[in-house]
Structure formats: C-alpha cells, structure tokens
Amino acid sequence: MKFRCVENARVDEKIFFGTHESGLKIYVIPKKEFSKSYAIYGTEYGSLHREFIPLGDTEKVVLPDGVAHFLEHKLFEEEDGTDAFNRFAETGASANAFTSFNITAYLFTCTDRFYDNLDILLDIVNKPYFTEKNIAKEQGIIGQEIKMYEDDPNWRVYFNALTAMYHNNPVKIDIAGSVESIAKITPELLYKCTDTFYNPSNMRLVCVGDVEPEKVAEFVDKHIPRDRVSGEVVKFEVAEPKERVQEYIEQKLSVSSPIFNIAFKETETGVDGEELLKREIETDILLEVLFGNSSSAYSEMYEKGIIDGSFEVDCEFEKEYGFTLIGGESKVPREVYEKVLSVIRDAKKNGIDEKAVKRAKKLLIGDNLRKFNNVEAVGVEFIKDFMKNINYLDYTETVEKVTMEDIVNRLNAHFDTENAVLSVVKPLEEE
Amino acid sequence: MALIKDKICEGVNLYYIPADHFKTNRISIRFHMPAERENITKISLLTQVLKRGTEKYKDMKEISEKCDDLYGASVGAGTSRMGDRIMVGISESVVADRFLSEKILPEAIDVLKQVVFFPYLENGVLKKEYVEQEKENLRTYINGIINDKKSYANLRCNQIMFEGDPFGISAYGYIEDIDGITPENLYEEYQRIISECPADIFISGSYSKDDIELVKKEFGFMKPRNIADIPTVLAKPEDIKEEKRVTEEMQVTQSKLAMGFRIGVDPIGEEIYALTVFNCLFGGSPFSKLFMNVREKMSLAYYVYSSLDRMKSIMQISSGIEAENYEKALEGIFGQLEEVKKGNFTEEDLEASKRYIATSFNASKDSLVALERNYLRQLICGKEEEIEEFLDNINKVRKEDVCAVAQKVKIDTIYFLKGEGK
C-alpha cells in the first residue's frame, strides 16, 4: 500500500493517508516532539446502527438497544477471560475504548514501545471471543454503568432533549441501552455484529505521535490479511419527520436547582464532507455571535441572574442527524428559552453584526490550533471527521471561506423558533 | 526541559518552563496562603468577581471581546489546594505568535495583568453589582455540588475525615459565610492577597528573551513581601481515634461509596516511591487489584479506584454500587488490601505498575498545565526532582517495600451515599 502526504504550513501539521489492500483506511499524523503517541482504531458502528443485513445473509436484523456498547466492553476481553488491560500492562500503555452514536473505537496512549502496543490493539480487536458466561458477567458491570448515567442530571437533560426532538431517529436511544435490553444479548448476535461492522472496509486506524506510516502498514498486514475484503454493509436509514415531537420535556431528579437544554433540530440531513464541516462552522460562528461570552444576550442574561458560568452552547453535525444545544443551570429555564428565541427572531429581522462574525472566526481559528496541543484530542477529532469524509486539516481555510451570506442562510435554515425544544431537569421537591 | 528560575522581587518568583512543541503559551500567577475558614469564602468569591471587569475592560463583554480578538485567549481564575495551603490562581492560555500574522503576546499579558491587578472599582471598592451577583452565583454553585453524586460523596468523606483540620476546609467556601461579604471587606481581602501573599508567576511555552523581559517589566511593579512558611500537617494513622462510618440517604439509583485512609508517609522521603507503586497496583490502574476483583470478578461496580494525595498523605477509594452490596463491596475492598499487605501479588504486577506510572508521568510533559503543576508541587514540598530521576527511584522499588508501605495505610472514614436502587 502507498501513503500520500498532505501538509498545512499555517498550522504546521501534516498527515499521511493510505488504504490497506483489505480496505482499512490508515492515517498517520507525525508529532515527533511529543512524549506521547496515540492510536485509535474504530469502526463506523454505534448505537444508531440497529437495523442491518449481516454480511452473507439476506434477512434484516433488528438489534436490542445497547449492543454496540456491550460489544465494546466484550472485545476488550481475552479468550482466557482476562481483560485486555492486562495485555497493555505488559507495555505500560494506558488503553481505553468508547462507543458513541456512530463510532466504536479502541485506543491507547503510550510514551514507549508504540509498535508493541499497536500489535496488541490490532490483535484484540480482530479476535472476538464471546460466550454465554462472559456475557452474563458483563451485564452486571454495564448495569451499574447504566445506573450511574440515570443519576447524572446533565446526561438525562441531554437525552430528554433528544427524545423531544426525534420521532424515529435512533439517536434518541441511550447508547448503553437498558438493563432489560442488554439481557437479550447472545453470543450469536455479537458475532453477527463483529462479522458485519468490524470488517476492514468499515474501519479506520489513526496514529498520532512519533510514528512511521510504513511501519504501521506492516503491523496491519500482520493482523489483517490483504484478501480479507468483504462487501459493503447494508444499513437502513430511518425516515424522520422535520417536526419536533414536543416542545417541552421535564424530569425530576435530586438536583439543587433546575438544569436545562434548549435544542434546535437540523432538518436537512444526509450531507457529509466539506459541506458538513462548513455547516458546523457556520453554526458555531452564529452561536458565538448570538450567545457566546462576548454577545449582548449573554451579558444581559448573566447580569439579570438567569444564567451563570455554567451556560454553554454547542452543536453536533453528523450525516444522520444534527442539532444545536444551549444549556446550563438556571432558576428560570423558561425565561432563558424565551430570551433565546427572541434573540434569534431579532437576528433574522435585523441582521448579524459583521464585526462580531470576524471576532468569532478568530476565536474558532485559535481554538482549532489549540486542539493540536493534545495528541489524544487530535486522534479522536481526526477519526470522527474522517468518518464524515472531512479532513480536519482544512479547518482554518474553511472558516475563512464562510461569508456573511452563508451565515444568514444558516440562521434561517437551522434556527427554527417554531421547532425548538426545551428540556428541564427539576429538583425533586419543586412543583 | 528544565525549570528556569528568576524573581521579580522578594516573595515574587518568576519561573520559566521552556517547551516549544505547543501551539500555545501559558502564563499564570498564584498567590499562596494557609487554608483558613474565616477567609476562604471571600477568596473563592473574589476569583469570580475579578473576571467581571477591569479598569480598561469594564465588563465581561469587553473582556470577552478582547479575548476573542486575541484568537480566543482564555483567562481562568479559581482557588486550588495543595496540602494545607490554598492558592488563588489566575492563568491565561494564548496562541503562540508564530502561528499568526500578528504579535498578540504583549496584549495578552496586559489582559491578565488587568484582571489580576486592576479590577473595576466603584467608590474606591469592588463594584457592588458584581459582588452581589457573584455572591448569588457562588451560592448556586456550592448548592450544586450535590448534583454530581460521585464528587459529592468524595467531598463529604473528606469533610468528615478532616473536621477541624485545614485540609477539611472547602476551597469553594461556605454558604453561611456568603451573606457577611461586602464590597468593602472583599476589597480589603483582595488588597491583602495581592500585596502580602507570596506569589509565583509561571510562564511556559516558547518565549523569546524579549518576551521574558517583557513579563518581568509588566509585573515589575509588584512589591516585596514576606516569604511565609505554610506547612502541611501529614495525615498520620496514629491520629485515628476510631474508624468513622457515616451513611446518608438520597433519592438516587446508584449508591456511592467513598473511603478515606491515612498513611503518614513524608512526600519527600524515601517511602514515597513505594507508596506510588502501591496505589497503582492496589487501585490506581485498570489492572489493579480493585479493578480486577471488585469490578471484573465480583461484578459489583462499573468504577472502583483509589487515588493518593501525596502531600497530605491520604488515599481515597471511590466506587458506585447497589445499596444492597455495601457489605460485599467493603469486604472485597478490604480483602484486596490485605492481599497486597501479605504480598499476594506477582513481580509482573509490580513491573506493570512501574510501567504504568512511567507512562503517566512522561505524558505530563505534553501538557503545559501538568508541567506547571508538577514543578509547583516540587517547589512547595522543597524537593526538586526531574521526571527521569523520579522514575529511576520508582524502578528501584521492591516487593517488600510495597508490602511495608501497605501496612501504613489505615482506614479512617467510610462514607456511604445510600440510594434506593431500582
């Protein structure tokens, strides 16, 4: 296999791209001056992918909730029942794994013996081993993980917002599933998932640090036969109405004061690549201009005492879904919600301040540069973006390309005040 | 990488950590003082009021606009603790000039200087409106600690364990002390801190000679002050009168267990290396005794781990469990501690722990914040030791050293936040 190199002189970073004969895409970002090296090996498979046709089958399978995450726990276990962490104990690396809506990833950070660690990582993930017994054990551990999240008010307010936004999109389903749904998991089911989603053409390997692309390729060769080429995964798209499910959703938990999320649902999904990146950047600029720390609305709400330092804005854009979240703690979430909507209506009527847009762009460019300080953050950002066909190195230039017209169009397309959602977690004793 | 030492004047040190592989530079200033109940709430409040406005940037909006213009320079302020000492820290992280078409470092230094030394004043004291708003925010913040059940349980354990000890004082402050704070007495406290407390200025990243001279010049107006000794009293096992067990109930699904142990090992003595290895092997890693047994074998928890405060010499264990498994979890945890004390672990466990420690210490070289914190801890403890030297000493730890230090680890407090389960 061959690698090609892309450089960005302004951020002083470069990246090597290559596709292994099996279909696995490999990316290497050299950072020789750092002590740490990092590898992340992931598959485009997460809680969203509930319905698919297993490779070699014709019948559609519908998975119980939480399978991708359960699988992540189980793959990190060896045939003899020992944990994969024991393998990494041999090298001193710090290893971990995570499951999101659309990615399951396995990773390690090390300061020494990178290729030994890579060898272990590729070995573990390509060697699934599931039995009735090791599944039963994991149900206890994951059961506690689920309960931990049930008590987490920030997690609950977030998922409730998703529930109020989405009718059918599986993004609203908790990633870990429920104690009941994971009880339905069997070894056969897990093997079906690994056979289908853990095939090389559905996966990516990103290495960051003092790493040589050719040497990475050698280790990939060792664990993944070049002829292990498999078909395309057949996934099903779920039709999602543009409208929200409900405007308001609330839950009571033992918290000291209310926590809220205000959400806007993206209704035009299905795009990826530069267009998706641009969409994300335009939304981020708007969020900074309208609600960022230097905005008038932020000062006004803060000085009035209806928000505090916990106030945050964020947006997430994927091929299958997209949304904006504005959240924090407030004694009067409804008042914050009304203010947010009125700021958006005003902006649509009176336009956006061009000077504020320029400032927001500088802020985004600075934040992007800052991210390169962190070897792990670079790895995670790149693998997520590659799955969306975005090259993260293009970020600065894409920010600069955004015009005032783009911003206004985005404001009108995304921030629909008639389709917004308010999710609130209230203290138990409050009415 | 090595620390370069300089000083502005008596009691105000300037430290430079050269590191040119980062995209950003960092500058921070810290004022040191003993943890004392009577002024902790004021100190905590003060860090928030300072961010509200300065002489030149009169409100938050103006400060933020300036920071955005400097490519998202971020100014943070807060209190932190090391042993029995409290530090007020204000820091700024800013993109290095070589990635930009303009030079922003001088202006960034000025923003920090404004926030620390030129707060917005009204009638010669801190602005009333800012003080009152931040009092309300602090009240909400302190009340909100309960929202994160895990850190709440850990905090309660620490409070119970160190009642009446400086280490038990909450760095966030106390609700009941908020009302008594006025713009006048807060300003008085502010002036005491900036003019009397010993201070350290750290700059880290890639600074030219001129940049360093600029920092010295910009902070050159700071007045000499006494270098006060702020000692930390070690938490010794012999001070345990009786084991404390406290259970509190709350309407939550998962119960939280927090346990505090006293060790009494000098942070700059020879035993500190064995203690560090012990913690990693016992509960500080994913191959530790606690993880492998209480989580993996007994299937009782998703998280269970131990952590050390080397300066105070305590260990804390934290876990999330079912209420009904309380006794089982304690049995599992104490059982594993006994195993380590008896030496029931392999040479391989020992070596794995050493490697894991090496990775985490070497990794700290990739973070300006971690580098600064490491040096600061060393300066406070009075023993300077580069990472390589520290790891050499870790490598010399033998099995019997781990067993010996494990004998010193004594339970003081078991706090249980009991949920109702589901």
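All values derive from a computational prediction rather than experimental measurement. Letters go in sequence order (proteins before strands), and every chain restarts at 1.
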TODO: With the side chain counted from C-beta on, respond yes when Leu290(B) and Tyr305(B) share a heavy-atom pair under 4.5 Å apart, and no when they do not.
DONE: no
Open item on the list: Under 4.5 Å from any heavy atom of chain A, what part of Ala96(B) do you find: side chain, backbone, both or neither?
Closed with: neither
TODO: May I ask you to say whether Asp69(B) pairs ionically with Lys362(A), meaning some side-chain N is under 4.0 Å from a carboxylate O?
DONE: yes
Task: Phe114(A), Tyr38(A), Phe76(A) screened by ring-ring contact (aromatic ring centres under 6.0 Å, His included) with Phe108(A), the one that passes - done: Phe114(A)
Task: Pairs of heavy atoms under 4.5 Å with chain B: top-ranked of Lys31(A), Arg370(A), Glu33(A), Lys371(A) - done: Arg370(A)
Open item on the list: Out of Glu138(A), Met148(A), Glu288(A), return the one with the most heavy atom pairs under 4.5 angstrom to chain B.
Closed with: Met148(A)
Task: Heavy-atom pair with the smallest gap, counting every atom of Lys331(A) and Thr140(B) - done: NZ-OG1, 3.3 Å
- [ ] Can you tell which part of Arg52(B) gets under 4.5 Å to a heavy atom of chain A, answering side chain, backbone, both or neither?
- [x] side chain
Task: Residue Ser353(B) versus chain A: region with a heavy atom under 4.5 Å - done: neither
Task: Atom CZ of Phe99(B) with >12 non-hydrogen neighbours under 6.0 angstrom - done: yes
TODO: Could you tell me which portion of Met298(B) (side chain, backbone, both or neither) has an atom closer than 4.5 angstrom to a non-hydrogen atom of chain A?
DONE: neither
Open item on the list: Taking side chain as everything from C-beta outward and backbone as N, CA, C, O, which of these in Lys256(B) sits under 4.5 Å from a heavy atom of chain A? Side chain, backbone, both or neither.
Closed with: side chain
Open item on the list: Does any backbone or side-chain atom of Ala363(B) lie under 4.5 Å from a heavy atom of chain A? Answer side chain, backbone, both or neither.
Closed with: both
TODO: Pick whichever of Ser364(B), Gly320(B), Ser367(B), Ala301(B) has the most heavy-atom pairs under 4.5 Å with chain A.
DONE: Ala301(B)
Open item on the list: What I want to find out is whether Lys66(B) reaches Glu62(B) closely enough, with some N-O distance under 4.0 Å, to be called a salt bridge.
Closed with: no
- [ ] Would you tell me whether Glu102(B) and Tyr71(B) have side-chain atoms, one donor and one acceptor, within less than 3.5 Å of each other?
- [x] yes
Open item on the list: For Leu364(A), which atoms come within 4.5 Å of any heavy atom of chain B: side chain, backbone, both, or neither?
Closed with: neither
Open item on the list: Do Glu322(B) and Gln144(A) pair up side chain to side chain, a donor and an acceptor below 3.5 Å, judged on atom types alone?
Closed with: yes
TODO: Please flag which part of Tyr141(B) lies under 4.5 Å from any non-hydrogen atom of chain A: side chain, backbone, both or neither.
DONE: neither
TODO: Using non-hydrogen atoms and a 4.5 Å limit, figure out which bit of Val425(A) sits close to chain B: side chain, backbone, both or neither.
DONE: neither
Open item on the list: So for Ala360(A), is it side chain, backbone, both, or neither that comes closer than 4.5 Å to the heavy atoms of chain B?
Closed with: neither
Open item on the list: Is it the case that the side chain of Asn373(A) and the backbone of Lys23(B) share a donor-acceptor pair, with hydrogens and angles ignored and the cut-off at 3.5 Å?
Closed with: yes
Task: Side chain Ser206(B), main chain Asp20(B), donor-acceptor under 3.5 Å - done: no
Task: chain B interface, residue from Thr91(A), Leu363(A), Asp151(A) that has the most non-hydrogen pairs under 4.5 Å - done: Asp151(A)
TODO: Check whether Arg10(A) gets within reach of chain B through its side chain, its backbone, both or neither, counting any heavy atom under 4.5 Å.
DONE: backbone
Task: Proximity breakdown for Thr109(A) and chain B, heavy-atom pairs closer than 4.5 Å - done: backbone
TODO: May I ask you to name which of Ser94(A), Ser254(A), Gly140(A), Gly292(A) has the most heavy-atom pairs under 4.5 Å with chain B?
DONE: Ser254(A)
Open item on the list: Counting only heavy atoms from other residues, nucleotides and ligands, does the tally under 6.0 Å from NZ of Lys32(A) exceed 12?
Closed with: yes
TODO: Examine whether an atom of Ile321(B) lies under 4.5 Å from a heavy atom of chain A, and if so say whether it belongs to the side chain, the backbone or both; otherwise answer neither.
DONE: backbone
Task: chain A contact via Lys149(B) - which portion, at a heavy-atom distance below 4.5 Å - done: side chain
TODO: Identify which one of Ile146(A), Ile142(A), Ile141(A) satisfies the side-chain contact (heavy atoms from CB on, under 4.5 Å) criterion when paired with Tyr302(B).
DONE: Ile141(A)
- [ ] Kindly compute the distance separating CE (Met250(B)) from CD1 (Ile146(B)), expressed to the nearest 0.5 Å.
- [x] 3.5 Å
- [ ] Examine whether an atom of Asp366(B) lies under 4.5 Å from a heavy atom of chain A, and if so say whether it belongs to the side chain, the backbone or both; otherwise answer neither.
- [x] both
Open item on the list: As an exercise: rank Ala89(A), Ser295(A), Gly366(A) by heavy-atom pairs under 4.5 Å with chain B and give me the winner.
Closed with: Ala89(A)
Open item on the list: Return the OG to CG distance between Ser318(B) and Leu257(B), rounded to the nearest 0.5 Å.
Closed with: 8.0 Å
TODO: Give, as side chain, backbone, both or neither, the part of Asp112(A) having an atom under 4.5 angstrom from any heavy atom of chain B.
DONE: neither
- [ ] Let me know if Glu65(B) has heavy atoms under 4.5 Å from chain A in its side chain, its backbone, both or neither.
- [x] both
Open item on the list: Heavy-atom pairs under 4.5 Å with chain A - which of Met60(B), Lys61(B), Arg295(B), Lys354(B) has more of them than the others?
Closed with: Lys61(B)
Open item on the list: Is Asn293(A) close to chain B through its backbone or its side chain, or both, or neither, when contacts mean heavy atoms under 4.5 Å?
Closed with: both
Open item on the list: Between Phe291(B) and chain A, with a heavy-atom cut-off of 4.5 Å, which part of the residue counts as in contact: side chain, backbone, both or neither?
Closed with: side chain
Open item on the list: For Glu329(A), which atoms come within 4.5 Å of any heavy atom of chain B: side chain, backbone, both, or neither?
Closed with: side chain
- [ ] Please examine the side chains of Phe70(A) and Gln139(A), heavy atoms only from C-beta on, and report whether any two atoms are closer than 4.5 Å.
- [x] yes
Task: Contacting moiety of Ile357(B), where chain A heavy atoms sit under 4.5 Å - done: neither
TODO: Go through Glu351(B), Met292(B), Arg98(B), Lys297(B) and name the one with the most non-hydrogen pairs under 4.5 angstrom from chain A.
DONE: Met292(B)
TODO: Let me know if Phe88(A) has heavy atoms under 4.5 Å from chain B in its side chain, its backbone, both or neither.
DONE: neither
Open item on the list: Other residues, nucleotides and ligands only: do more than 12 of their heavy atoms fall within 6.0 Å of CD on Glu136(B)?
Closed with: yes
Open item on the list: Measuring only between side-chain heavy atoms, which start at C-beta, is Tyr392(A) closer than 4.5 Å to Asn368(A)?
Closed with: yes
